[in-house]
Amino acid sequence: MDNNEIIFSVKELSNILKACFERKEFTNLSVMGEIYSIKLGSKFSYIDLGDTDSEQSNGPILKIAFQMFSSNFYILNKLSKGDVIKVRGKLSYYPHGCSLTLWANHVETVLDTLGKNLLKKRKILENLDKLGYLNPERKKPIPEYVTKIGIVTANNSAAYSDILESLKTRFPVSTILYPCQVQGDNAAKTMIKSIKMANDDKVDVIFLGRGGGSNTDLSAFDDEELAICIATSKIPVITCIGHSIDESIADRVADKSFITPTDAGKSINVSKEDIKKDISSYKDELNNRIVNIIHNYELILQDYKNKLDSSSLPSKLKVAKTNIEKYKNLLNNYFINDVKQNKMNIQTFANRLNYLHQNNINFYKDLIYSYKLKIEKYNDDSILNRGYIKVFKNDKMIKSATDLSKNDEIKLSFADGSKKAVIK
């Protein structure tokens, strides 16, 4: 050890620094810069102030503190990130943590503007829009079922743990970690490298994220080259940067973006609980369909059975027997009715025949009687009784005078006897 070497203890060095910053020229100084971030509180408010021509990721930052019980700081409510302000106050050095803070007693707006970084961000977005990378139709769809995820984030980070934890509740999926820096000068380059590696490995989807942070910490996600890498990735990229106040450029070009890594993890595949519910629902539906199918086949089988039974020999015999019995009854009824009808017809015919027969008998009786009268009228005895006589010659009745000659002996027959005579 060099005897001339001066060695300080930590406390001694801190006291020296504290004494330096407590010099008069540091008790009332003015600083101008761009608001990188602002945090308002009920008692104290803080602003991270940087130069307007510096990168937020690597530029020097001065922490400005305000005691809010002072009525002079109502203007803080009107300030926003990117505004250029001038602050006057006392510079204080705190040995614990070696932090340097400017306690402000006055603040005023120099330029009410978005600041260099916001303007730069706007310009980058304009360039990306011209390239078509902000067009929603360009974005690639997330696969419905993912089997392999590439996670681009810091190793052993809260974001990585949150993603893995949320994936436990989803349908099983494998993961590959592509470690990278998520803040600092080289963060964007390392993220670009990891995204390209994930593309080479042909994962199904890429997660790009971190566990939140200040706007300064998240400035790497506004890098233009990183945005182009995300937009041109062949694999869908999901960002989960862990912030909700301001949307990063990476979120704008990503195929899907979520506020937190946990939300991103829950977007992949279906949850195990949903799968159980779906399985239960499908099981119930399958059971119902099986029951309905069985019932329908039972009806079909019963119909076939009925048709088979109706076409079987016993069934046919039974039907034939029934038909025979029916026809027998019909035949008996027809026979009985026919016999009755014929009997009635015979009786009718008999009555008519008797009537006709009796009429004929009466007719012929009258006719016989008429003939009898005629016969009796022309009977010899009857003729003789009326004074006529019959003339016989040789026992032959003479009908004409020419049959008689003179001296013929004739016989005259009277009603009461006969006499002989001679023709003169």
Side-chain angles (χ1 to χ4, degrees), residues 31-39 46-64 81-84 97-102 113-128 131 133 150-161 163 177-200 206-233 237-243 245-254 257 261:
V31 179
M32 185 175 71
E34 177 185 333
I35 297 177
Y36 285 180
S37 68
I38 181 169
K39 181 179 180 182
Y46 299 93
I47 288 178
D48 284 345
L49 198 67
D51 292 331
T52 58
D53 58 350
S54 298
E55 294 287 343
Q56 289 189 23
S57 59
N58 56 13
I61 297 174
L62 177 64
K63 184 177 290 295
I64 311 297
K81 175 186 172 184
D83 288 346
V84 178
C98 295
S99 63
L100 191 65
T101 302
L102 177 67
T113 178
L114 295 176
K116 177 185 175 181
N117 290 299
L118 289 183
L119 290 173
K120 180 180 178 181
K121 182 176 179 179
R122 178 180 294 176
K123 185 176 180 180
I124 291 174
L125 289 173
E126 290 176 354
N127 292 336
L128 294 174
L131 294 172
Y133 294 147
I151 303 175
V152 178
T153 189
N155 193 11
N156 298 323
S157 64
Y160 182 53
S161 300
I163 291 173
L177 174 64
Y178 297 93
C180 65
Q181 297 179 26
V182 292
Q183 70 180 65
D185 296 340
N186 296 321
K189 293 181 180 180
T190 62
M191 285 188 279
I192 292 172
K193 181 179 179 181
S194 294
I195 291 173
K196 290 181 178 180
M197 290 176 62
N199 272 266
D200 293 339
I206 298 172
F207 279 4
L208 172 64
R210 58 167 290 160
S214 66
N215 288 330
T216 302
D217 295 336
L218 301 177
S219 61
F221 292 92
D222 289 332
D223 184 81
E224 185 172 5
E225 292 185 8
L226 175 62
I228 294 175
C229 178
I230 294 172
T232 57
S233 170
V237 178
I238 296 177
T239 55
C240 45
I241 302 174
H243 65 96
I245 298 176
D246 187 27
E247 186 179 35
S248 69
I249 293 178
D251 290 330
R252 295 289 300 276
V253 297
S257 65

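- The side chain to side chain donor-acceptor pair (under 3.5 Å) search around Asp223 returns none, not counting sequence neighbours.
- In terms of heavy-atom proximity, Pro179 sits nearest to Ser194 at O-OG, 3.2 Å.
- Rounded to the nearest 0.5 angstrom, Ile47 CD1 and Lys81 NZ are separated by 13.5 Å.
- A 4.5 Å side-chain heavy-atom check between Tyr178 and Ile195 finds every atom pair outside the cut-off.
- Side chain of Tyr36 to main chain of Asp51: a donor-acceptor pair is present (N/O by atom type, distance under 3.5 Å, no hydrogens or angles).
- There is no side-chain donor-acceptor pair under 3.5 Å between Asp222 and Ser219.
- In this structure, a donor-acceptor pair under 3.5 Å is present between the side chains of Ser37 and Asp48.
- Partners of Ser233 by side chain to side chain donor-acceptor pair (under 3.5 Å), not counting sequence neighbours, listed by chain and number: Asn199.
- Looking only at side-chain heavy atoms (C-beta outward), Ile228 and Leu128 come within less than 4.5 Å of each other.
- Nearest heavy-atom pair across Met191 and Gln181 is CG-O, 3.5 Å.
- For the pair Val182/Ser157, no side-chain contact is recorded, criterion being any heavy-atom separation below 4.5 Å from C-beta on.
- Residues Val253 and Ala227 share a closest heavy-atom pair of CG2-O, 3.6 Å.
- Gly209 and Thr153 make their closest contact through O-OG1, 2.7 Å (heavy atoms, listed as atom of the first residue, atom of the second, distance).
- Judged by distance alone, with hydrogens and angles left aside, the side-chain atoms of Thr239 form no donor-acceptor pair with the main-chain N or O of Leu208 at under 3.5 Å.
- With respect to Leu226, the side-chain contact (heavy atoms from CB on, under 4.5 Å) criterion is satisfied by exactly one of Thr190, Ile249, Ile192: Ile192.
- In this structure the side chain of Tyr160 reaches within 4.5 angstrom of the side chain of Ile151, judged on heavy atoms.
- Side-chain atoms of Thr101 do not come within 3.5 Å of backbone N or O of Lys63 as any donor-acceptor pair.
- Annotation: salt bridge (charged side-chain N to carboxylate O under 4.0 Å, His left out) contacts of Lys193 (sequence neighbours excluded): none.
- Nearest approach of Cys229 to Lys196, heavy atoms of both residues: SG-CG, 4.3 Å.
- For the residue pair Glu247 and Lys121, the shortest heavy atom distance occurs at O-NZ, 2.7 Å.
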